[in-house]
Every structure is written in C-alpha cells, then in structure tokens.
Protein chains: 2
Amino acid sequence: MISLVSTTKVYLEIIKQLREMITDDGLKPGDKIPSERELSERLNFGRSSVREALRALEMLGLIETRRGEGTFIRDFRDHRLVQLLSTFILQDEKAKTDVFETVELIEIDGLQLALRKMKSKDHEELLNWIRTVDVVRHSDFFYRIIRYADNYLLFRIWVILKEYYESLVPEPAQYSREDYLSLAEALAKRDEAKTLSAYRQLRNLSFK
Amino acid sequence: MISLVSTTKVYLEIIKQLREMITDDGLKPGDKIPSERELSERLNFGRSSVREALRALEMLGLIETRRGEGTFIRDFRDHRLVQLLSTFILQDEKAKTDVFETVELIEIDGLQLALRKMKSKDHEELLNWIRTVDVVRHSDFFYRIIRYADNYLLFRIWVILKEYYESLVPEPAQYSREDYLSLAEALAKRDEAKTLSAYRQLRNLSFK
DNA sequence: CCGCAATGGTGGTCAGACCACACATGTCTC
DNA sequence: GAGACATGTGTGGTCTGACCACCATTGCGG
C-alpha cells in the first residue's frame, strides 16, 4: 500500500506551503493572509492543524492575528524570539557566562566591522550623539555601532544576545560618557588597537 | 458583568502555567511532561488549545513531541535562535554577504577564545588529528576549535551559520592541510598575530 | 446626510471522534 | 522455560462541527 501520509508533521507542511504561497503572491509585511477556513480548504488540512501552524509562526513573531479581522504578516525584523527562552535559560550558570562572553565577542566584531565601514559622516554623527544625549546607554551605543557595521545578521544576533544579557543582569549596563567618547574617537581615527583597548577599559575586561 | 475571559490568549496562559508546573516539579531536559489530555483536564482548557501551546513551544525548540510516547522537555540550549529568521531572509542578496562575513567573524572569535582556553593536551590532540585524518574538512576543523573555546552558545551560533553558509555555496569549503597545520601551530604557540594571519591566509581574506 | 442595527466574515475555543504509533503485558507455541 | 506473537493501553496526530467574541461593512430608517 502506498503511504499517503507524508513523514513530516502536518503543521510543518502547512508552514512550508504557506511560505510558498506568500512568496508566490508577493505578500509583504502588513499584508493579510487567507483566513484559517480558506487555508484549510485550499491546502486540504483540518482547520485545527492550520491553527497549530499559525500558533507556531505567531510564537516566532512572524505573523500577527487579530480577532475579527484576520491574520497578517509581521515585519519579522523585530520579532522577539528569545524573550521566552531567556526565562527558561536562567537556571544554568554556565549558560550565563557563555552569554556574557559571547555578547562581548559580538560587540568587538561589530567594532571591527565599523572600523572598516564607517564614513566620516558617521563618525561625526556618533560623536555628536554621545556629546549631546542625556545619558549614554550601552545598548543605544552599540545599537548604533552595529548599524554602522552594516551587517544585518550580526545586528540580529546582537539584539537577541542583548535581550538575554539584560534578562540576566538586574540593571542595564551603564558606563561613563568619557569611555564611549574615547571609543568613538578611536574609531574615528581608524585605530584598531586603541579601539579595542578602549572597549576593554569600558567593560573592565581583564583578558588580553 | 464580570469578564470571565482573560485578556491574554489561552495558549499563552497555558504556556505560562506549564512553565510554573515545570519549575515547581523541578523537571529538567529529557523529562516527560503530562500528556495533552491530562494537561487539558488539570488546566481546564480544551485539548486543542493545549496543542496550540505545545506547537508554539515546539517551534521554539523548547519541547519535543514523540508520537506514541509523549512530550519531553528539550535541552533549550539547542534552541533555534536565528534559524527561522534566516530561512526567510535568505532571499535577500545582501543577507548572503552578511552570512559570509559573520561566519568569518565568529570563527575568529572562536580562535580567540581557543587561544586563551586550550590546554596543551588539546593542542596535541588537534595537531594529531590534522596530521592523521584523511582530509581536513573546514567544518570539522572549526567544530573542534569552537569546542575547545568552551562556549556552547558561540558553538550553537556557529553551527547555525555554518548550515546557512553551506546552503549558499555549491560545495563545502576546502583548504589545504598545511594551512590548518600552521593555524594549529600558531594556536599552540599562543601567538595571536600568527593565528589571525594564518586564518586570513586560509580564507584568502583581503582585509586587515 | 447621519446614525445605528443587522449581517457576514474572522479568529478563539471546545468536545468528541478516530487514526497511528510505541510500549508493556500477557499468551501461545515449541 | 524461552522466545515469538498477539493484545491492550496510553500517547500524540488529525479532522469535524459547533458555538462564541469581535470587527467591519452594509443598508435601512430617521
């Protein structure tokens, strides 16, 4: 007897077809996708299976459902993903040190990229921001840095790790305006050694 | 009239209670959680709602369901992280260059950590492996490096990026045994500059 | 023209049914 | 007695149909 049952779970199959449907129809963030009942009919799966697929996508922040209106594609560039995870991960002590360590590595990576990619206009902008802003928040600073680094993937990774990080420490990191200023100046000079040492001073890193 | 309907969606409420249940009972990765039917009864929600909650958690990689057996807590350190995000992002040409760039950064990060953390025993083992193995596959080599770096989170990120990387290039990266050997030797000498230059030569990187 | 009730479409939830699978148990055969 | 087989039970997997809650639109009456 021929197996009519695909080995993959139905809800994953639905997600797959839904994705094809989205690309085929050229749907973009904000657009509405077909209703649950219509998907159920078009794809030949039960509505409950369709809903399971939608819940999975919703949890990932890829879609948004509004009762009485419909289901919409979200701008997945700002999905959360980790908020949930962080509450789970807290227990493992080793995981924490991994998070700290990795955040610092990624930030250094961002600095390295920024070092190569920042234009003088960017440097002016950054310095100006540091000088005029009320208080230099660490996450705001690196938000800018990694933007300048012009690598969206690295940016995403950093944001995710940052969320972990902030869920692990009681209060957000806070260093002095002077530290950020010297960091930004080292960047403007395109001086790698100075940049790294400025970062280390900021973080009070002991290693090399 | 008193609103009996919680404003939050039921499946989120179920996730919340499930989480409490897990911490209260001290369940750990690998442990089995109550069956769908039991959860449905204990929490007073329909089974389909329970299933929607489980699908959401499964999509995040927090649980694993096995037909006929039950639902189990996963080692959340294996969670997807960037996985889904990138499958959507891949279409973008800019995203590809981001992947390449980021993989290289992460590999350098791994090297830096390994530089600080590897024991002499590790160095022996690595050198021996390079000398005796049939062919030095790039992913195998860095698999080891990032293991030595002893940062599970970084390791997970690397594995994910590597998968994308390999899905973007026709054939896996392949460099000469000598290149890996000089890289390993530089590591053994704990010489940072030599290590980085060896990596750059391997990758034929133009930048500093 | 405005305001409002009716209507239809949408997601949200539930109950029940049946299937597919894994495992433990019991039973039969040799 | 030991091994092979059958069976039962519990589990996740899926579908159906029903009903509720909410939203937007329509169209009617003022």
Side-chain angles (χ1 to χ4, degrees), chain A residues 1-19 21-22 25 27 29-74 76 79, chain B residues 1-19 21-22 25 27 29-74:
Chain A
M1 171 178 174
I2 300 172
S3 167
L4 296 176
V5 183
S6 168
T7 110
T8 53
K9 308 194 179 192
V10 165
Y11 86 99
L12 292 177
E13 177 65 23
I14 292 175
I15 288 178
K16 186 181 159 197
Q17 294 197 32
L18 187 54
R19 196 161 61 193
M21 195 179 296
I22 287 174
D25 297 358
L27 299 183
D31 288 349
K32 187 161 175 273
I33 67 177
S35 75
E36 297 178 353
R37 290 169 177 84
E38 186 182 339
L39 283 175
S40 167
E41 281 188 15
R42 277 171 62 176
L43 304 181
N44 269 305
F45 292 116
R47 190 179 158 214
S48 50
S49 293
V50 170
R51 281 185 59 80
E52 290 187 19
L54 295 181
R55 283 301 77 66
L57 291 177
E58 186 177 50
M59 185 55 104
L60 288 175
L62 296 173
I63 61 170
E64 177 184 1
T65 57
R66 295 203 284 270
R67 186 204 211 105
E69 296 182 64
T71 303
F72 303 83
I73 302 178
R74 265 183 79 166
F76 27 85
H79 72 84
Chain B
M1 168 178 173
I2 299 173
S3 167
L4 296 176
V5 182
S6 167
T7 109
T8 52
K9 308 195 179 191
V10 164
Y11 86 98
L12 292 177
E13 176 64 24
I14 291 175
I15 288 178
K16 186 180 159 198
Q17 295 198 31
L18 186 55
R19 196 163 60 195
M21 195 179 295
I22 288 174
D25 298 358
L27 299 183
D31 288 350
K32 188 162 176 268
I33 67 177
S35 76
E36 297 178 352
R37 290 169 177 84
E38 186 182 340
L39 284 175
S40 168
E41 281 188 15
R42 277 171 63 176
L43 304 181
N44 268 305
F45 291 116
R47 191 181 157 211
S48 47
S49 293
V50 170
R51 281 185 60 81
E52 290 186 19
L54 294 181
R55 283 301 77 66
L57 291 178
E58 185 176 51
M59 188 53 116
L60 288 177
L62 295 175
I63 60 170
E64 178 184 1
T65 56
R66 295 203 284 271
R67 186 206 210 99
E69 296 181 66
T71 303
F72 303 83
I73 301 179
R74 271 184 74 168

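All values below were derived from every heavy atom in this structure, side-chain atoms included, with hydrogens, water molecules and symmetry-related copies excluded. Convention: sequence-line order gives letters A, B, ...; per-chain numbering from 1.
If you check the side chains of A:T65 and B:K9, you find a donor sitting under 3.5 Å from an acceptor.
Whole-Å rounding puts the B:L12 CG to C:dG12 C1' distance at 12 Å. Atom CG of B:L39 and atom C1' of D:dT11 are 12 Å apart (whole Å). The OH atom of B:Y11 sits 14 Å away from the P atom of C:dG11 (whole-angstrom rounding). What separates CD of B:E41 from P of D:dT11 is a distance of 11 Å, to the nearest Å.
A heavy-atom distance below 4.5 Å is found between the side chains of B:L18 and B:L54. Between A:L43 and A:M21 there is a side-chain heavy-atom pair separated by less than 4.5 Å.
A salt bridge is absent between A:E69 and A:K32: the closest approach of a Lys/Arg side-chain nitrogen to an acidic carboxylate oxygen does not fall below 4.0 angstrom. Ion pair B:R55/B:E52 not flagged as a salt bridge, since none of the NZ, NE, NH1 or NH2 atoms sits closer than 4.0 Å to an Asp/Glu carboxylate oxygen.
Heavy-atom distances under 4.0 Å link DNA chain C to B:F45, B:G46, B:R47, B:S48, B:S49 of residues 45-56 of chain B, given in residue order.
Partners of A:R42 according to the side-chain hydrogen bond (donor to acceptor under 3.5 Å, both in side chains) rule, which considers only residues two or more places apart in sequence or in another chain, are A:E38.
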Give every pair of a protein N or O atom and an N or O atom of nucleotides 7-10 of chain C that lie under 3.5 Å apart, one pair per line with the distance.
| residue | atom | partner | partner atom | Å |
| --- | --- | --- | --- | --- |
| C:dG9 | N2 | A:G68 | O | 3.2 |

Verdict with supporting geometry, A:F45 and A:Q17, side-chain contact (heavy atoms from CB on, under 4.5 Å)
CA-CA 12 Å; A:F45 292 116; A:Q17 294 197 32; 4.3 Å; yes
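Closest of all the heavy-atom pairs between B:L39 and B:P34 is CD1-O, 3.8 Å.
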